[in-house]
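So the structure is just underneath, and the comments pick up after that.
Only a predicted model underlies this, so the values are computations on that prediction, with no experimental measurement involved. Computed over heavy atoms, backbone and side chain alike; hydrogens, waters and symmetry mates excluded.
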Amino acid sequence: MRDAVTAVLVHGDEVFVIRRQDYLRAFPGYYAFPGGKVDEEDAGFSYSHPHLAGFRPERIRALIRELDEELAFDLEQALEQDQVERIELIGVAATPTFEPVRFHAHYYKIVLRSKPTFTPASDEIAWSDWLHREAFLERYESGQGMMVVPIMRTARALAEDITTSVIEPFSLDYDEQRELAYLEMIRGLGYIPTRSNTLPPAEYTYALIVGDGGAPRYLVDPAPASDEVLGLLFNTLERYPVDGILITHHHRDHHERSPEIARRLGLPMLSSVKTREYLLQHNGADYLDGIEFVPVEEGTRLTRWLGRDVHCYELPGHDDGMIGLAPVDMSWFFVADLVQPLATVVIPEPEGNMQDYFDTLQRIIDLQPRAIVSSHGIPIGGTHLLEKTLQHRREREAQIQALVEQGDDLDRIVKTLYHGINRKLIPLAEQNVRQHLRKLGHRL
């Protein structure tokens with residue numbers, strides 16, 4: 001794993017906090033601190049200041065460089081001018097094993113004697129300010145701000161005692177041999193990365209747990225890929241029990257082995273009526289035998305989240321029976337498979353419809369939720385991913401129309417637009433092209 005550094009800047013009872021831009025690839029829209037990865041160019045430096053004694057020089061160099069790049073703050077000068085009271089390594093966060101790119105992130109608490117003037121880099125930082133230690137934590141506890149585990153634990157530790165010098169535990173802590181990870185990057189919204197039989201490049205379907213304050217708690221889209229993963233999920237549910245299972249749509253990577261979970265734990269299963277029909281059609285008439293079925297539809301009040309009602313939304317396009325979820329204040333919107341951070345969503349046949357897909361994307365964009373929660377990636381700030389996806393589909397449609405007008409058939413269009421893709425993915429590309437052609441009114 002590579003090294004990374006993070007600067008926790010503190011003055012009095014305040015901490016300097018940033019919110020990352022919604023369009024960034026890593027943790028878009030999250031509350032965070034300045035920092036970044038240690039590069040090769042950070043080697044070969046040495047530092048003699050007593051505040052830096054015992055720290056690896058390449059990490060200190062990265063810390064100095066990142067503060068300059070992100071805030072135009074000269075840490076070396078601040079040390080020379082005695083503006084720094086002390087620097088402490090408060091924790092080292094290891095990226096969880098289910099993430100494709102991993103780091104050891106070293107969190108340095110830098111206690112300042114006065115508040116410097118910062119010039120935040122707008123390409124990475126959407127917002128920044130000094131916040132009182134309790135106000136910083138409240139951004140997370142109220143559900144208004146997303147945080148990764150080490151940031152959240154730093155916020156909680158500083159809110160309790162701003163002078164703390166060591167935070168334990170710091171990283172996500174769970175027994176990988178016994179259970180699956182459980183994360184709340186949005187307070188009260190449980191995320192369980194579950195290895196599933198999904199389409200590459202995704203490897204996991206992130207099962208969701210929603211419901212609190214005495215309201216029913218639902219496990220959304222559990223689909224463990226194997227009996228081994230199923231066993232880990234059962235152990236996880238011992239710590240985080242639920243009252244029912246919601247299936248957003250009928251694709252295998254959203255329900256596989258979920259009937260076994262429902263039967264073993266005596267839980268009802270909820271879905272749209274259309275999804276239930278598809279499940280029985282594709283998996284056998286006895287697939288849901290012995291399980292109480294509860295239908296949901298547009299407007300169904302499912303549960304509560306941090307005191308707010310959570311309602312169901314019908315999200316046709318990728319699947320005509322797909323259901324999403326959102327609280328009444330639009331703090332977040334769970335869109336299931338409407339978008340994916342790492343790949344283009346397939347509009348499958350016959351349950352998909354490209355016009356519906358466009359319309360559903362636009363509908364959620366118009367609702368302006370603060371965060372988008374999808375089934376195959378971490379929550380993302382704002383609606384940038386939806387807007388980017390819609391723009392991509394519009395551009396792809398224009399390309400298809402141009403190729404049709406020059407006389408290309410389906411095979412030629414796919415070869416032109418998807419040159420070099422894995423041959424196994426060609427049938428999926430063909431489906432998307434056909435769906436665009438239908439939307440454009442071309443006969444197939």
Quick one: ring-ring contact (aromatic ring centres under 6.0 Å, His included) pairs with a partner in residues 190-209, sequence neighbours left out?
Y191-Y206
Here the ring-ring contact (aromatic ring centres under 6.0 Å, His included) pairs for residues 293-312, sequence neighbours left out, are W305-W332
Return a table of donor-acceptor pairs under 3.5 angstrom between the side chains of residues 85-93 and protein atoms on other chains or two or more places apart.
from, atom 1, to, atom 2, distance (Å)
R86, NE, E88, OE2, 3.0

Quick one: side-chain contact (heavy atoms from CB on, under 4.5 Å) partners of [X], sequence neighbours excluded?
X    : result
R434 : E349, L410, E430, Q431, R438, L444
P201 : L342, A343
L390 : F358, L361, Q362, I365, R394
P169 : R153, D173

Y287 and H255 aromatic centres sub-6.0 Å
yes
Using the ring of each side chain (for Trp, its six-membered ring), is Y278 parallel, tilted or perpendicular to H282, with breaks at 30° and 60°?
tilted
How would you list, by chain and number, every residue that makes a salt bridge (Lys or Arg N to Asp or Glu O under 4.0 Å) with R139, sequence neighbours excluded?
none
Among residues at least two apart in sequence or on other chains, which ones pass side-chain hydrogen bond (donor to acceptor under 3.5 Å, both in side chains) with S122?
none
Listed partners of R239 passing side-chain hydrogen bond (donor to acceptor under 3.5 Å, both in side chains), at least two apart
E179
Taking only Lys NZ, Arg NE, NH1 and NH2, and the carboxylate oxygens of Asp or Glu, determine whether R308 and D212 approach each other closer than 4.0 Å.
no
Does anything in residues 128-137 pair up under side-chain hydrogen bond (donor to acceptor under 3.5 Å, both in side chains), and if so which pairs, sequence neighbours excluded?
D13-R133
Can you list every pair that meets side-chain hydrogen bond (donor to acceptor under 3.5 Å, both in side chains) and has a residue in residues 93-102, with sequence neighbours left out?
T97-E176
Do the numbers put R396 on top of the ring of Y418, so that NZ or CZ is under 6.0 Å from the six-membered ring centre and no more than 45° off the axis?
yes
For Q368, look at atom CD and say whether over 12 heavy atoms of other residues, nucleotides or ligands are found less than 6.0 Å away.
yes
